[in-house]
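Only this structure's heavy atoms are used, side chains among them; waters, hydrogens and symmetry mates stay out. In this text, all values refer to a predicted model and were calculated from it rather than measured experimentally.
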Amino acid sequence: MDLEKVWEHREEVVYPAMFGKPARGIMQMQQEVFNAFGEVKVDPHWLKHGVMEFGPTDTRKTWIYVTSGYSNPWDTDPATYDPNGESGAGVEFLMVTEKPGDWAAMRLQSVLAMDMLLSSGQLGDGDPLAFYDRLPGQFAVNGSDRSLLTVLMLCPPDPDAGLPEGFDLPSGKAMFVAVTAITEAERAYADQFGHEPLVDKLRGVGAWPLIQPDRPSVA
């Protein structure tokens, strides 16, 4: 199975099996997403990545946004595919929302662009994003003046919330990284008491890992 078949298998078999039928076509990365990070070099492959949108199903009331392309084995010879190794970068990002919105796809695209730039050594020390990294923004997650959620936080997918931890491709394995949104006060609370107490507070009000842009702060 070559790259194109692996790509097709993820988007047409693996993702629908986990999240249901896509609500619309993939929202592809644009150069403008990378321009927000300054003068950077963009690999042409990066513009083939995108975000897929999945609506509610019989067993899930929420909307799922998930990146596609980062787990592509771009530079791997199909003859050397290792089902037990990593496929491509070995990761895809996802976000859970109550309602559909282009803002969710835009935020995921930004996170994906940041990780690709970090991994290519064009931002910071070259280390990729990790669980519980916080990404402060200049505006609310959905762009609304009413929302207090201005910080994106990366976290492990929560199986109790019905989120898969990862998936297998013929070219290898990939993990999911969930992206949620918190307030500045919640970020400070996590700094003082740790991430698990914050997660417990968010879970207690049904806001983990679900993003509810208009919710009040729990800290």
Side-chain angles (χ1 to χ4, degrees), residues 1-30 33 45-76 78 81-113 115-116 129 131 141-142 152 154-181 206-213:
M1 184 177 286
D2 61 14
L3 169 62
E4 293 298 326
K5 291 296 183 181
V6 169
W7 197 336
E8 181 180 287
H9 183 70
R10 181 185 58 246
E11 295 187 358
E12 298 185 10
V13 178
V14 175
Y15 279 7
M18 291 189 290
F19 306 122
K21 183 179 179 180
R24 55 174 159 169
I26 191 166
M27 291 162 272
Q28 206 160 326
M29 299 282 282
Q30 303 296 320
V33 179
H45 288 159
W46 295 353
L47 299 178
K48 297 179 181 179
H49 297 65
V51 174
M52 299 182 71
E53 177 188 65
F54 296 88
T57 67
D58 292 340
T59 58
R60 189 190 72 240
K61 297 180 179 180
T62 57
W63 289 73
I64 299 284
Y65 292 83
V66 59
T67 62
S68 180
Y70 211 19
S71 56
N72 281 354
W74 292 108
D75 301 315
T76 305
Y81 284 169
D82 178 5
N84 295 313
E86 287 188 344
S87 181
V91 65
E92 297 284 0
F93 298 94
L94 62 79
M95 183 178 283
V96 188
T97 66
E98 281 189 311
K99 299 177 181 179
D102 288 348
W103 59 267
M106 293 170 60
R107 295 296 170 269
L108 271 190
Q109 287 185 352
S110 180
V111 171
L112 176 57
D115 199 58
M116 289 190 285
L129 295 171
F131 287 144
V141 63
N142 65 343
L152 297 180
L154 278 59
C155 51
D158 190 345
D160 292 338
L163 295 181
E165 295 179 321
F167 57 94
D168 296 332
L169 294 171
S171 52
K173 299 179 181 295
M175 63 184 290
F176 282 124
V177 174
V179 180
T180 192
W208 179 265
L210 177 66
I211 295 178
Q212 300 168 311

Parallel, tilted or perpendicular: which describes the rings of Tyr15 and Phe167, with under 30° parallel and over 60° perpendicular? perpendicular
Write down the atom of Arg10, the atom of Ser71, and the distance for their closest heavy-atom approach. NH1-OG, 3.1 Å
Atom pair CG/OG1 of Leu94 and Thr180 - distance to nearest 0.5 Å: 10.5 Å
Give me the atom names and distance for the closest heavy-atom approach of Pro56 to Lys61. CG-O, 3.4 Å
Under a 3.5 Å distance rule, please check whether Asp115 uses its side chain to pair with a backbone N or O of Leu129 as donor and acceptor. yes
Thr76/Ser171 under side-chain contact (heavy atoms from CB on, under 4.5 Å): CA gap, chis, key distance, verdict: CA-CA 9 Å; Thr76 305; Ser171 52; over 6 Å; no
Which heavy atom in Asp168 sits nearest to a heavy atom in Val14, and how many Å separate them? O-CG2, 4.1 Å
Main-chain N/O of Gly101 paired with Tyr65 side-chain donor or acceptor, under 3.5 Å: yes
Are the side chain of Glu165 and the backbone N or O of Pro157 linked by a donor-acceptor pair below 3.5 Å? no
Rounded distance [0.5 Å steps], CG in Asp102 versus CD in Glu53: 7.5 Å
Using a 3.5 Å distance criterion without hydrogens, assess whether the side chain of His49 forms a donor-acceptor pair with backbone atoms of Met29. no
Walk me through it: do Thr97 and Thr62 pass the test side-chain contact (heavy atoms from CB on, under 4.5 Å)? CA-CA 6 Å; Thr97 66; Thr62 57; over 6 Å; no
Please answer whether the main-chain N or O of Phe93 pairs with a side-chain N or O of Thr67 as donor and acceptor at a distance below 3.5 Å. yes
Separation of Phe176 CZ from Leu163 CG (nearest 0.5 Å): 9.0 Å
Where do Asp2 and Lys5 land on the side-chain contact (heavy atoms from CB on, under 4.5 Å) test, with the steps shown first? CA-CA 5 Å; Asp2 61 14; Lys5 291 296 183 181; 3.2 Å; yes
Taken to the nearest 0.5 Å, the spacing of Glu4 CD from Asn72 CG works out to 8.5 Å
Whether Gln28 side chain and Leu47 backbone form a donor-acceptor pair below 3.5 Å: yes
For residues Met27 and Gln109, report the shortest heavy-atom separation together with the two atoms involved. O-NE2, 2.9 Å
As an exercise, state the distance from OG of Ser68 to CE of Met52, rounded to the nearest 0.5 Å. 6.0 Å
Check: Glu92 side chain, Tyr70 main-chain N or O, donor-acceptor pair, under 3.5 Å: yes
To the nearest 0.5 angstrom, please state how far the CE atom of Met18 sits from the CZ atom of Arg60. 11.0 Å
Decide if the gap between the ring center of Trp74 and the ring center of Trp7 is smaller than 6.0 angstrom. yes
